[in-house]
Amino acid sequence: MASKSNVASIASDEQFKALTGAATISVANFYAVWAEECKDMNEASLFVFSELSNKYPQLQFVSVEAEEFPDVSEDLEIAAVPTFVVMQAGRVLERLEGANAPLLAQTVARHAKAADAYRPPDAAPAAASFAALAPEQLHARLKALVGSNKVMVFMKGTPQEPRCGFSRQVVELLTEQRTTYGSFNILADETVRAALKEYSNWPTYPQIYVDGELIGGLDILKEMIASGDFQKLAPPEDDINTRLKELIKQEPVMLFMKGNPDAPRCGFSRQIVQLLRDQNVKFGYFDILEDDEVRQTLKEFSNWPTYPQLYANGELLGGLDIVKEMIESGDFAASLQQ
């Protein structure tokens with residue numbers, strides 16, 4: 001049976017901050033008892049956490065009922081359940097949204113390697129961890145990583161939380177270009193961080209790849225954008241406002257929600273789906289958790305700061321509270337016909 005010394009069920013905000021604020025890497029599972037998707041995942045995660053806690057005793061595993069600890073959930077911008085957040089010294093290293101036990105196991109294994117690679121400043125430097133891999137294995141791993149997206153950025157931190165000025169500038173440039181890209185936090189995997197420098201023959205980070213080929217770092221990216229060469233390699237997406245207009249008119253009634261009607265991933269989305277079904281309203285939906293650009297820009301486009309959002313014939317009706325009021329007043333059915 002797994003030792004519970006590195007597994008905790010959070011009972012207070014202070015306990016969470018104490019555990020995740022330590023130097024030990026921690027993995028936090030934010031769940032909700034009402035979420036259908038969480039039911040199976042809660043059972044699976046108990047097994048996964050138990051197995052991982054045995055395999056990686058150097059890590060801390062914590063479970064948090066998201067709605068019982070709203071301050072913690074808000075601070076970490078928990079927008080869906082289940083969400084798994086990897087933290088160290090109070091900093092977010094990585095997050096996973098959704099019920100995917102295999103991906104969780106892979107992610108934890110990667111961060112465990114980073115934890116093993118850590119040595120106190122006064123300790124003798126450890127041998128490069130990638131040296132234990134056979135050359136062909138290392139090459140295959142890196143080749144798969146750099147080719148995992150059309151545009152791939154290896155950076156310090158994440159696009160949401162860059163941890164150096166150069167990485168932040170790359171994110172800003174790619175956002176300005178409306179470029180879809182994948183990213184890899186090299187601070188979370190010392191193996192990749194060290195080995196990729198040799199693989200690419202490029203000594204610094206960030207590194208930007210297009211179609212699996214290195215184009216360079218920040219300065220090269222700036223030059224290629226200025227010359228127009230980057231746009232030829234990675235054409236920008238359609239104008240986001242045009243895309244939003246098309247999305248809100250995709251069906252006569254469109255709901256922008258967290259999750260899908262059969263598996264809502266927040267209480268408000270669950271309630272509005274039930275209201276629409278009670279009113280026998282046929283509606284389309286868009287899961288804003290699947291597209292962060294839509295999630296962020298639709299709030300500005302509609303001048304409505306929260307989700308869910310309900311549209312009828314291309315016009316915003318409002319969120320959950322507005323829909324409730326319209327149903328109670330008898331105005332809802334008429335608003336769908338306008």
Side-chain angles (χ1 to χ4, degrees), residues 9-13 15-16 27-46 62-85 92 95-101 104 160 247-248 251 253-292 294-300 302-312 316-329 331-332 335-336:
S9 182
I10 296 303
S12 68
D13 291 4
Q15 181 190 14
F16 180 84
V27 184
N29 170 17
F30 286 83
Y31 68 96
V33 294
W34 53 260
E36 288 296 326
E37 189 173 3
C38 279
K39 290 181 179 178
D40 291 338
M41 189 58 193
N42 287 340
E43 295 177 2
S45 66
L46 288 175
V62 300
S63 294
V64 187
E65 188 172 351
E67 293 185 351
E68 289 296 314
F69 299 96
D71 291 340
V72 171
S73 297
E74 183 176 354
D75 287 345
L76 292 176
E77 298 182 347
I78 303 301
V81 288
T83 290
F84 298 90
V85 183
V92 174
R95 68 173 61 220
L96 301 173
E97 291 188 348
N100 191 330
L104 172 63
Q160 294 77 26
L247 280 174
I248 64 178
E251 299 287 346
V253 179
M254 275 294 293
L255 176 64
F256 291 79
M257 61 180 293
K258 295 178 180 178
N260 64 67
D262 295 324
R265 291 174 63 185
C266 82
F268 300 127
S269 292
R270 176 167 52 89
Q271 290 183 60
I272 200 168
V273 166
Q274 190 59 54
L275 286 174
L276 293 175
R277 287 175 170 171
D278 290 345
Q279 297 295 311
N280 296 315
V281 175
K282 182 180 179 181
F283 62 96
Y285 77 93
F286 186 91
D287 181 359
I288 52 95
L289 299 178
E290 296 294 327
D291 192 317
D292 195 58
V294 171
R295 176 181 174 181
Q296 298 298 334
T297 56
L298 184 60
K299 291 188 287 187
E300 298 179 6
S302 64
N303 195 28
W304 195 269
T306 60
Y307 291 102
Q309 295 183 14
L310 186 68
Y311 291 77
L316 175 69
L317 297 183
L320 175 62
D321 290 340
I322 299 297
V323 172
K324 283 182 176 179
E325 292 173 3
M326 294 179 73
I327 291 174
E328 291 173 359
S329 67
D331 296 332
F332 183 67
S335 70
L336 301 182

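Heavy atoms only: backbone and side chains are in, while hydrogens, waters and symmetry mates are out. These numbers come from a predicted model, not from an experiment.
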Side chain proximity check, [X] to [Y], heavy atoms < 4.5 angstrom:
X	Y	value
Asp321	Phe268	no
Leu276	Tyr285	no
Leu298	Tyr307	yes
Leu316	Ile248	no
Ser302	Phe256	no
Asn260	Asp287	no

_Give me each pair satisfying salt bridge (Lys or Arg N to Asp or Glu O under 4.0 Å) with a member in residues 273-282, each pair once, sequence neighbours excluded._
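Qualifying pairs, neighbours excluded: Asp262-Arg277.
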Distance in Å, [X] [atom1] paired with [Y] [atom2], rounded so as to fall on 0.5 Å steps:
X	Y	atom1	atom2	value
Arg270	Leu320	CZ	CG	10.5 Å
Met326	Leu275	CE	CG	12.5 Å
Thr306	Lys258	OG1	NZ	8.5 Å

*asked:* Name the residue from Val281, Leu310, Leu255 that meets the side chain to side chain contact (heavy atoms under 4.5 Å, CB included) definition with Val323.
replied: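 Filter result, single survivor: Leu310.
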Could you pull out the closest heavy-atom pair between [X] and [Y], with the gap in Å?
X	Y	answer
Arg95	Glu77	NH1-O, 3.5 Å
Pro82	Asn29	CB-OD1, 4.2 Å
Ser335	Leu317	OG-CD1, 3.9 Å
Pro261	Phe283	CG-CE1, 3.9 Å
Leu289	Arg295	CD2-NH1, 3.7 Å
Ala66	Ser73	O-OG, 2.9 Å

*Is it true that a side-chain atom of Ser329 and a backbone atom of Glu325 form a donor plus acceptor pair closer than 3.5 Å?*
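At least one qualifying donor-acceptor pair exists.
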*Between Ser269 and Met257, is there a donor-acceptor pair closer than 3.5 Å when you use the side chain of the first and the backbone of the second?*
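Side chain of Ser269 to backbone of Met257, a donor-acceptor pair under 3.5 Å: no, none is there.
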_Listed partners of Asp291 passing salt bridge (Lys or Arg N to Asp or Glu O under 4.0 Å), at least two apart_ =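 Checked Asp291 against salt bridge (Lys or Arg N to Asp or Glu O under 4.0 Å); matches are Arg243.
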*Under the side chain to side chain donor-acceptor pair (under 3.5 Å) rule, collect the residues that match up with Lys324, sequence neighbours excluded.*
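Result, side chain to side chain donor-acceptor pair (under 3.5 Å) vs Lys324: Gln271.
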*When the ring centroid of Phe69 is compared with that of Phe30, is the distance short of 6.0 Å?*
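Not under 6.0 Å, so no.
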*asked:* Apply side chain to side chain contact (heavy atoms under 4.5 Å, CB included) to residues Lys299 and Trp304 and explain how you reach the verdict.
replied: CA-CA 5 Å; Lys299 291 188 287 187; Trp304 195 269; over 6 Å; no
